[in-house]
Amino acid sequence: MSDASGGPELWVRSLQDAWATPVLKQGTEGLPTWYGLERPSFSPGGERIAYGANGSKHAIWISPVGGGRPVPLDAQSYDQHGAAWSPDGNWIAHQRFHKGKWELVKTPLSGGEPVWLADANPGGGDTAWSPGGEWLLFFKGGSLQLVSSGSKVLKPLTNSQPEAFGFSKDGSLVYLIRRGPNGTRELVAVDAGSGKEIKVTSLRLPASAIISGFSLHPDGKSFITSVGIPKFDIWLLDGFKGTR
C-alpha cells in the first residue's frame with residue numbers, strides 16, 4: 001500500500017528488477033471512494049490480490065494483479081477484515097459483522113453464501129489459513145484459536161498476545177510476533193499441534209513500532225511484515241493568553 005500519489009493505492013513491486021506498477025489507483029472504476037487500504041493478500045496462483053478498502057463501508061475486494069475492475073467479496077456485511085485465501089484459491093476466509101455479531105466465515109469465490117465457522121472478537125482481525133487447508137487461525141477471547149475449515153472444531157493454541165501471525169510452510173508451526181521484556185519484539189515459533197513454544201528469537205525493532213501483517217516467503221525461510229514508526233512533535237504556541 002502506498003500514498004506516494006497523494007492517496008492510498010495498491011502497487012506491486014518486483015524484488016528482482018525493482019520495477020513497480022499500480023494494481024489499484026485512486027479513481028479506479030467499480031470501487032466506491034476509499035480513504036484507507038489494508039492487508040493485501042496474494043491468491044495462491046499469484047494472479048489476484050484480496051485487500052480491505054475502508055470508505056463508507058469496510059469491505060474486502062479482489063483485484064487482478066495486472067489491474068482491472070475490482071469485485072467485492074461479501075455483499076451481506078458492511079464491516080469485514082482479515083482476508084485469507086484457501087490453499088486451492090477457491091475460498092476466502094474473513095471476519096465480519098453480520099446480523100448484530102462478529103463472526104469468522106469462509107466465502108466461496110464461485111458464488112454462494114458465506115459459511116459460518118466461529119464467533120469472532122468485535123472489530124475482527126487477522127486470519128491465516130494453514131497450507132494444508134485443514135485449519136484457520138485467528139485471535140479470539142484473549143488467545144490464538146484454531147478452527148477446522150470443515151467440521152468447525154475450535155481449540156485454543158496459545159495465550160500469547162500476537163501483533164502478527166502466520167503458518168510455517170508445512171503448517172506444523174505457527175509464527176507470531178509479540179512484545180517481549182521491556183517492550184522488545186520477539187518472533188516465536190509455536191507447535192501447531194501442542195501449542196508449545198519451540199523457539200523465541202529477538203527482533204531488532206523500536207519499542208514504539210507498530211507491526212502489521214505477516215506474509216511467509218514461498219521458500220519458508222523468511223517473512224515480510226509492515227513496521228510503522230510514529231513520529232511525535234512538540235509545538236510552541238507564541239502569544240497565548242491563558243484564562244483563569
Side-chain angles (χ1 to χ4, degrees), residues 31-32 34-44 48-63 70-167 171 174-176 178 190 192 195 211-215:
L31 196 153
W34 66 88
Y35 59 80
L37 300 170
E38 63 179 20
R39 301 293 195 276
S41 176
F42 274 102
S43 64
R48 293 174 292 176
I49 297 180
Y51 53 92
N54 300 330
S56 58
K57 298 180 180 180
H58 292 184
I60 294 171
W61 290 74
I62 304 169
S63 286
V71 296
L73 174 67
D74 181 356
Q76 297 180 351
S77 167
Y78 62 83
D79 203 350
Q80 312 153 23
H81 301 276
W85 294 83
S86 64
D88 60 11
N90 293 328
W91 299 77
I92 287 182
H94 64 287
Q95 298 174 52
R96 69 174 188 169
F97 185 74
H98 182 58
K99 293 185 177 180
K101 67 175 185 178
W102 282 88
E103 58 187 12
L104 172 68
V105 299
K106 62 177 184 179
T107 300
L109 297 182
S110 59
E113 295 288 313
V115 178
W116 179 91
L117 295 174
D119 292 333
N121 280 345
D126 290 341
T127 312
W129 207 314
S130 66
E134 304 93 341
W135 295 98
L136 286 153
L137 183 66
F138 71 116
F139 189 75
K140 177 181 179 291
S143 66
L144 274 177
Q145 303 271 344
L146 286 167
V147 59
S148 63
S149 59
S151 61
K152 304 179 182 63
V153 174
L154 184 68
K155 64 178 184 178
L157 179 67
T158 174
N159 290 326
S160 289
Q161 303 289 315
E163 295 175 281
F165 55 83
F167 283 94
V174 168
Y175 295 119
L176 61 92
R178 71 183 181 192
V190 179
I211 309 299
S212 177
F214 183 98
S215 181

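Just so it is clear, the structure is predicted and the values come from calculations on it, not from any experiment.
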| request: Check the pair Trp91, Trp129 against side chain to side chain contact (heavy atoms under 4.5 Å, CB included), reporting the backbone distance first and the verdict last. | output: CA-CA 10 Å; Trp91 299 77; Trp129 207 314; 3.8 Å; yes
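- Applying the side-chain contact (heavy atoms from CB on, under 4.5 Å) test to Gln76 and every residue at least two apart in sequence or in another chain returns Asp74, Arg96, His98, Glu113, Pro114.
- The aromatic rings of Trp102 and Phe97 sit tilted relative to each other, their planes meeting at an angle between 30° and 60°.
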| request: Show the numbers, then the answer: is there a side chain to side chain contact (heavy atoms under 4.5 Å, CB included) between Val153 and Val147? | output: CA-CA 5 Å; Val153 174; Val147 59; over 6 Å; no
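- No donor-acceptor pair under 3.5 Å is formed between the side chain of Gln95 and the backbone N or O of Gly82.
- In terms of the salt bridge (charged side-chain N to carboxylate O under 4.0 Å, His left out) criterion, Glu38 has no residue partners (sequence neighbours excluded).
- Aromatic rings of His58 and His81 (six-membered ring for Trp) have centroids within the 6.0 Å cut-off, being under it.
- Separating the OG1 atom in Thr127 from the CG atom in Leu117 is a distance of 10.0 Å, to the nearest 0.5 Å.
- Among pairs with a residue in residues 148-160, those fulfilling side-chain hydrogen bond (donor to acceptor under 3.5 Å, both in side chains) read Ser148-Ser151, Thr158-Ser160, Ser160-Arg178, at least two apart in sequence or across chains.
- To the nearest 0.5 Å, atoms CZ (Phe167) and OH (Tyr175) are separated by 12.0 Å.
- Partners of Asp79 according to the salt bridge (charged side-chain N to carboxylate O under 4.0 Å, His left out) rule, which considers only residues two or more places apart in sequence or in another chain, do not exist here.
- For Lys106 against Pro108, the heavy-atom pair with the smallest separation is O-CD, 4.0 Å.
- At least one side-chain heavy atom of Leu157 sits less than 4.5 Å from a side-chain heavy atom of Val190.
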| request: Under the side chain to side chain contact (heavy atoms under 4.5 Å, CB included) rule, what do Tyr51 and Trp61 come out as? Steps first, then yes or no, please. | output: CA-CA 6 Å; Tyr51 53 92; Trp61 290 74; 3.7 Å; yes
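- Every side-chain contact (heavy atoms from CB on, under 4.5 Å) that Ser41 has, sequence neighbours left out, goes to Trp85.
- For Pro44 against Ser86, the heavy-atom pair with the smallest separation is CG-O, 3.2 Å.
- For the atom pair CG (Leu154) and CD (Gln145), the distance works out to 4.5 Å, reported to the nearest 0.5 Å.
- Using a 4.5 Å heavy-atom cutoff, the side chains of Pro87 and Pro131 are not in contact.
- In terms of heavy-atom proximity, Ser77 sits nearest to Gln80 at O-NE2, 2.7 Å.
- The minimum heavy-atom distance between Asp126 and Phe138, with the atom names listed, is O-CB, 3.7 Å.
- Atoms CG and OG1, from Leu73 and Thr107 in turn, are 4.5 Å apart once rounded to the nearest 0.5 Å.
- Of the inter-residue distances, the one linking Ile92 atom CD1 with Ile60 atom CD1 reads 7.0 Å to the nearest 0.5 angstrom.
- Across all their heavy atoms, Arg39 and Ser212 have their closest contact at NH1-OG, 2.6 Å.
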| request: Determine, stepwise, if the pair Phe139 / Gln161 fulfils side chain to side chain contact (heavy atoms under 4.5 Å, CB included). | output: CA-CA 9 Å; Phe139 189 75; Gln161 303 289 315; 3.3 Å; yes
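- Lys101 pairs by the salt bridge (charged side-chain N to carboxylate O under 4.0 Å, His left out) definition with Asp119, not counting sequence neighbours.
- A distance of 9.0 Å separates CG in Leu146 from CG in Leu136, rounded to the nearest 0.5 Å.
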